[in-house]
Amino acid sequence: NGVKKVTEIADSAFKDKPVTAIKFPSSISKIGALAFSGTNITRVEMPQSLKVVGESSFEGMEHLVTVVFKNTADPMTIGKGAFKSCVSLESIVIPDNVYVIGESAFEMNTRIREITLPETCTFIDNYAFKNCSKLNTINAPGVTTVKQEAFWRCRKLDYVNMPKLNKLSRRCFMSCGELNNLPVEN
């Protein structure tokens, strides 16, 4: 029939455009770098077909409140700075097929209070949640490695569940004034 399915949103496709809503087709597998950065979208529901959330693809979306991912069998990558500076983001559900939280992925999300990562997620990269000033709970049962400054200046952080954690890098929990314990195995 000659009709092609859209499988990718190009880099900077809607960057800084007055877009207020998006409904992804079920065929999307990749959202490119800066694709929706600076738009006015408030809620994003990712399609089950998604495999890559590109670098800074949703960065600086001041009105984004909720992000919902669907579980899939294929591994998904959340790229560097994907949701950085989404200052209204309050809720995000990370699906079971995410193994790594990318560098600065959620940095400077000042309203997010709780993060629950799936058992499959084993690695939190540099600055991933840096300056998430209201983050008070992190539940990451599968995480084994936390990189440099991943939770730096999460001043309200008071509960961390990472029972499999065995590698911490420099200043991971620096300036987390309310953190009193870090439960880890051995």
Side-chain angles (χ1 to χ4, degrees), residues 5-11 13-15 19-125 127-130 132 134-146 150-151 154 161-162:
K5 290 184 178 181
V6 175
T7 59
E8 201 172 296
I9 306 291
D11 293 353
F14 298 97
K15 185 179 187 305
V19 177
T20 57
I22 183 77
K23 180 167 175 36
F24 292 110
S26 62
S27 55
I28 293 292
S29 63
K30 180 181 178 187
I31 299 172
L34 298 164
F36 294 95
S37 178
T39 63
N40 296 323
I41 297 170
T42 58
R43 180 179 172 84
V44 174
E45 288 192 39
M46 303 296 187
Q48 197 167 14
S49 55
L50 188 64
K51 294 178 184 166
V52 177
V53 179
E55 184 172 323
S56 301
S57 53
F58 296 93
E59 182 175 348
M61 291 179 60
E62 294 179 2
H63 304 285
L64 184 63
V65 175
T66 304
V67 177
V68 178
F69 288 95
K70 294 186 170 114
N71 285 322
T72 69
D74 297 317
M76 182 190 302
T77 301
I78 297 178
K80 178 179 179 181
F83 297 95
K84 182 177 180 181
S85 298
C86 293
V87 295
S88 297
L89 187 61
E90 294 176 354
S91 174
I92 187 159
V93 176
I94 307 292
D96 291 342
N97 56 327
V98 172
Y99 298 89
V100 172
I101 301 296
E103 182 175 319
S104 298
F106 299 96
E107 183 177 346
M108 294 180 63
N109 289 337
T110 55
R111 288 197 183 166
I112 203 152
R113 294 180 188 279
E114 182 175 341
I115 293 287
T116 298
L117 302 179
E119 183 81 36
T120 55
C121 184
T122 60
F123 187 90
I124 298 175
D125 208 347
Y127 323 115
F129 298 97
K130 182 178 179 180
C132 291
K134 291 189 180 171
L135 180 65
N136 61 18
T137 301
I138 180 83
N139 195 353
V143 168
T144 59
T145 303
V146 177
F151 296 95
C154 293
N161 178 30
M162 293 183 191

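The structure displayed is predicted, hence computed values, not measured ones.
- In this pair, Phe58 and Phe24 present their aromatic rings perpendicular. The plane angle is above 60°, beyond the 30 to 60° band.
- Here the closest heavy-atom approach between residue Pro95 and residue Lys70 is recorded as CB-O, 3.9 Å.
- In this structure, the separation between CD on Glu107 and NZ on Lys84 is 4.5 Å, given to the nearest 0.5 Å.
- Of the possible donor and acceptor atoms, none in the side chain of Thr116 sits under 3.5 Å from a partner among the backbone N and O of Asn139.
- Side chain of Ser37 to backbone of Lys15: no donor-acceptor contact under 3.5 angstrom is found.
- No donor-acceptor pair closer than 3.5 Å links the side chain of Asp11 to the backbone N or O of Gly32.
- The structure places CD of Glu62 at 9.0 Å from OG of Ser85, a figure rounded to the nearest 0.5 Å.
- Among all heavy-atom pairs drawn from Pro118 and Val98, the shortest one is CG-O, 3.9 Å.
- Taking NZ of Lys30 as the reference point, atom OG1 of Thr7 lies at 10.0 Å (rounded to 0.5 Å).
- In terms of modelled atom types and a separation under 3.5 Å, the side chain of Ser27 and the main chain of Val6 share a donor-acceptor contact.
- Expressed to the nearest 0.5 Å, how far CG of Asp96 lies from CG of Leu117 amounts to 11.0 Å.
- Distance check: Glu90 CD to Asn109 CG gives 11.0 Å after rounding to the nearest 0.5 Å.
- Side chain of Thr144 to backbone of Thr122: a donor-acceptor contact under 3.5 angstrom is found.
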Begin from the C-alpha positions of Phe83 and Val53 and carry the test side-chain contact (heavy atoms from CB on, under 4.5 Å) through to its verdict. CA-CA 9 Å; Phe83 297 95; Val53 179; 4.2 Å; yes

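- Between Asp125 and Glu103, the shortest heavy-atom contact is CB-N, 3.4 Å.
- Taking the six-membered ring where tryptophan is involved, the planes of Phe106 and Phe129 are essentially parallel, since the angle between them stays under 30° and well short of 60°.
- Minimum interatomic distance between Met61 and Ile41 (heavy atoms only, all atoms of both residues): CE-CB, 3.4 Å.
- Judged purely by atom type and a 3.5 angstrom limit, Ser88 has no side-chain atom pairing as donor or acceptor with the backbone of Leu64.
- Val68 and Arg43 get closest at one heavy-atom pair: CG2-NH2, 3.7 Å.
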Please evaluate residues Ile78 and Ile94 with respect to the criterion side-chain contact (heavy atoms from CB on, under 4.5 Å), reporting the C-alpha separation (whole Å), side-chain torsions for both, the decisive distance (0.1 Å), and the verdict. CA-CA 10 Å; Ile78 297 178; Ile94 307 292; 4.2 Å; yes

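- Checked by atom type and distance alone, the side chain of Asn40 never pairs as donor or acceptor with a backbone atom of Thr20 at under 3.5 Å.
- Residues Val87 and Arg111 share a closest heavy-atom pair of O-CG, 3.3 Å.
- Although no hydrogens or angles enter the test, the distance criterion places a donor-acceptor pair under 3.5 Å between the side chain of Ser49 and the main chain of Ser26.
- Atoms SG and NZ, from Cys154 and Lys130 in turn, are 10.5 Å apart once rounded to the nearest 0.5 Å.
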Determine, step by step, whether Val44 and Phe36 satisfy the side-chain contact (heavy atoms from CB on, under 4.5 Å) criterion, reporting the C-alpha distance in whole Å, the side-chain angles of both residues, the deciding distance to 0.1 Å, and the verdict. CA-CA 11 Å; Val44 174; Phe36 294 95; over 6 Å; no

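- Counted within 6.0 Å of CE on Met108, heavy atoms from surrounding residues, nucleotides or ligands total 12 or fewer; the atom is thus considered open.
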Is there a side-chain contact (heavy atoms from CB on, under 4.5 Å) between Ile92 and Ile115? Walk through the geometry before answering. CA-CA 7 Å; Ile92 187 159; Ile115 293 287; 3.8 Å; yes

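- Dense packing is recorded around CD of Glu119, with more than 12 heavy atoms of other residues, nucleotides or ligands lying under 6.0 Å away.
- At least one donor-acceptor pair closer than 3.5 Å links the side chain of Gln48 to the backbone N or O of Asn71.
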